[in-house]
Amino acid sequence: MRVLGIESSCDETGLALYDTERGLLAHVLHSQIALHAEYGGVVPELASRDHIRRLVPLLREVLRQAGCDAATIDAVAYTQGPGLAGALLAGAAFAEGLAVSLNKPVLPVHHLEGHLLSPLLADDAPEFPFVALLVSGGHTQLMGVTGVGRYELLGETQDDAAGEAFDKTAKLLGLPYPGGPALSRLAETGRSGMFDLPRPMLNSGDFNFSFAGLKTAVSTRVRKQGEAADARFKADIARAFQDAVVEVLTQKAFAALRHTHMQRLVVAGGVGANRQLRQSLDTAAQKRHCRVYYPALEFCTDNGAMIAFAAALRLQSGMEVAHPAGIFAVKPRWLLNQCPFPARSAAL
Ligand code: KG4
Ligand code: ZN
């Protein structure tokens, strides 16, 4: 079975072809970083228009790279939510239209399910069950995962997502968009222990997070420093911020492993690309005889491969798919635990 996956929830247009026999055949991506850079963040209307411009050329390209014809696609999957409404609509309309023209079934996919299952794309994939730490620009969640479509929310952020906190803090320090990777590069040049920042909710006794106060603490310190905020100061405060985020994420993730009696931790989402977070989780795992799994770096951030793959797993697990009826909706706000696995059999 061959599934085309289409991702367009934010500022990346990603398309991929996943074959259940042969694995990932090809994946292509267009990032809108340059488009939004001058605004210091994603401009939703520009994002939607760019997705519309990119989808057809990217489809041609992914088919070319995979060396196959559109007629060989068995199902079309797309990100239905959560995300920016206009951006989601661009991908949804394209996917539904393509499915009608090919007379093939269509499968709406939850963006976070794509992230969560993306480490299973690797050769050395984790087995179920596992705890998933989802750390992206829009979400920070710990989930207990016992199978495809079987996700239990253990805890989540009460305010900003980890990636959002990275992006906002980067902006405070005058770093270019996208802030997360830039802040993390700066932090690597800073010294630990120069500033004492809070560890929000570290001892809250649950699996929830809060990052808004941490960003405010950096903002207060930067304001106090005023004109004297030189390169050394910025690197040290970036390091202090990253140390705090990494410590909270690491401790909560391992508390969730203890709580669920699981030994496997899967990290997904853009912040999962952070080198210091990976080092901290790996060190903690060694001490506790656990193992941490990450998606390949190219699949940490948004991409079409994770959408094609999540859809393929659902289809293989017996999910019923609908032929397009010309009516569809996107879900800009959509909780993953509201995305149950339909227990009917596949009609492919
Ligand atoms: O998963 P993703 O591509 O998109 C969402 O679904 O949100 O995640 C993007 C987020 C952004 O906030 C970005 O700043 C952050 O991931 N990010 C990083 C790093 N690379 C991306 N944050 C910290 N360190 C990184 N190396
Ligand atoms: Zn994402």
Side-chain angles (χ1 to χ4, degrees), residues 5-14 16 27 29-33 36-37 40-42 44 47 78-84 87-88 91 109-119 132-141 156-157 160-173 175-190 209 211-212 214-215 238-239 241-246 248-250 266-281 294-307 309-310 331-334 336:
I6 299 171
E7 158 61 32
S8 74
S9 65
C10 190
D11 57 349
E12 260 119 13
T13 324
H27 76 102
L29 188 81
H30 175 77
S31 164
Q32 301 177 356
I33 285 178
H36 301 293
V42 178
Y78 67 90
T79 303
Q80 189 180 29
L84 301 170
L88 291 166
V109 172
H110 196 294
H111 180 79
L112 292 183
E113 182 173 38
H115 275 304
L116 191 149
L117 298 174
S118 61
L133 173 66
L134 278 175
V135 272
S136 70
H139 296 84
T140 300
Q141 297 184 333
E156 63 183 337
T157 182
D160 291 353
E164 187 180 0
F166 262 94
D167 294 338
K168 287 178 175 172
T169 305
K171 213 167 185 176
L172 273 172
L173 296 177
L175 298 174
Y177 160 86
L183 182 69
S184 123
R185 279 194 298 276
L186 181 62
E188 285 183 9
T189 68
F209 303 90
F211 293 110
L214 187 53
K215 169 206 66 197
R239 180 58 187 249
F241 168 83
Q242 186 162 277
D243 284 348
V245 174
V246 165
V248 175
L249 290 175
T250 304
V266 160
V267 182
V271 185
N274 187 281
R275 214 177 347 215
Q276 195 181 326
L277 177 63
R278 288 183 173 217
Q279 276 165 2
S280 167
L281 292 171
Y294 308 93
L297 272 182
E298 60 185 332
F299 301 137
C300 270
T301 45
D302 293 347
N303 63 86
M306 67 182 194
I307 302 303
F309 182 62
K331 298 180 181 172
R333 289 176 182 275
W334 185 15
L336 185 53

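Counting starts at 1 for both ligands and their atoms, following the listed order. Computed from a prediction, not measured in an experiment: that's the story for all the values here.
- Note on His115: its N/O/S atom closest to the Zn ion (ligand 2) is NE2.
- Nearest heavy atoms, Ala212 versus Asp160: CA-OD2, 3.7 Å.
- Note on ligand 1: Gly138 sits in its first shell, one or more heavy atoms being nearer than 4.0 Å.
- Under a 4.0 Å heavy-atom criterion, His111 is in contact with ligand 1.
- When each atom of ligand 1 is checked for a heavy atom of Gly163 under 4.0 Å away, the hits are 12 (O).
- From the protein, the heavy atom lying nearest to atom 23 (C) of ligand 1 is Asn274 ND2, 3.6 Å.
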Report task. Please step through side chain to side chain contact (heavy atoms under 4.5 Å, CB included) for the pair Asn274 and Gln242, ending with a clear verdict. Result -> CA-CA 9 Å; Asn274 187 281; Gln242 186 162 277; 3.0 Å; yes

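- Between the side chain of Tyr294 and the main chain of Arg278, a donor-acceptor pair closer than 3.5 Å is present.
- Under 4.0 Å from ligand 1, the heavy atoms of Asp167 that appear belong solely to its side chain.
- Looking at His111, its N, O or S atom nearest to the Zn ion (ligand 2) turns out to be NE2.
- Looking at Asp302 and the Zn ion (ligand 2) together, the shortest N, O or S contact belongs to OD1.
- The main-chain N or O of Ala47 is found under 3.5 Å from a side-chain atom of Gln32 such that the two form a donor-acceptor pair.
- Taking only nitrogen or oxygen atoms, main chain and side chain alike, Gly180 reaches within less than 3.5 Å of ligand 1.
- Aromatic ring centres of Phe211 and Phe166 lie farther apart than the 6.0 Å criterion allows.
- Of all the heavy atoms of Pro178, none lies under 4.0 Å from any atom of ligand 1, so neither backbone nor side chain is involved.
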Query raised in the report: Would Glu156 and His139 count as a side-chain hydrogen bond (donor to acceptor under 3.5 Å, both in side chains) if you check the C-alpha gap in whole Å, the side-chain angles of each, and the deciding distance to 0.1 Å?
Result: CA-CA 8 Å; Glu156 63 183 337; His139 296 84; over 6 Å; no

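- For Ala161 against Ser136, the heavy-atom pair with the smallest separation is CB-O, 3.7 Å.
- Taking distance alone, with nitrogen or oxygen atoms compared against 3.5 Å, Thr301 stays at or beyond that limit from ligand 1.
- When only modelled atom types and interatomic distance are considered, Ser280 and Thr250 share a side-chain donor-acceptor pair under 3.5 Å.
- Scanning the protein for heavy atoms near atom 2 (P) of ligand 1, the closest one is Asp302 OD1, 3.5 Å.
- Within the 4.0 Å heavy-atom criterion, neither part of Arg275 lies near ligand 1.
- Between the side chain of Ser9 and the backbone N or O of Gly81 there is no donor-acceptor pair closer than 3.5 Å.
- Judged by distance alone, the side chain of Thr140 and the main-chain N or O of Ala162 form a donor-acceptor pair under 3.5 Å.
- Near His115, with a cut-off below 4.0 Å to any heavy atom, the atoms of ligand 1 are 1 (O), 6 (O).
- Considering each of Ser31, Gly270, Ser136, the one bringing a non-hydrogen atom nearest atom 17 (N) of ligand 1 is Gly270.
- The nearest pair of heavy atoms linking Leu88 to Pro332 is CD1-CA, 3.8 Å.
- Checked against a 3.5 angstrom limit, the closest N/O atoms of Pro181 and ligand 1 fall outside it.
- Ligand 1 lies nowhere less than 4.0 angstrom from a heavy atom belonging to Gln242.
- Taking every non-hydrogen atom of Gly137 and a distance limit under 4.0 Å, the qualifying atoms of ligand 1 come out as 5 (C), 7 (O), 8 (O), 9 (C), 10 (C), 12 (O).
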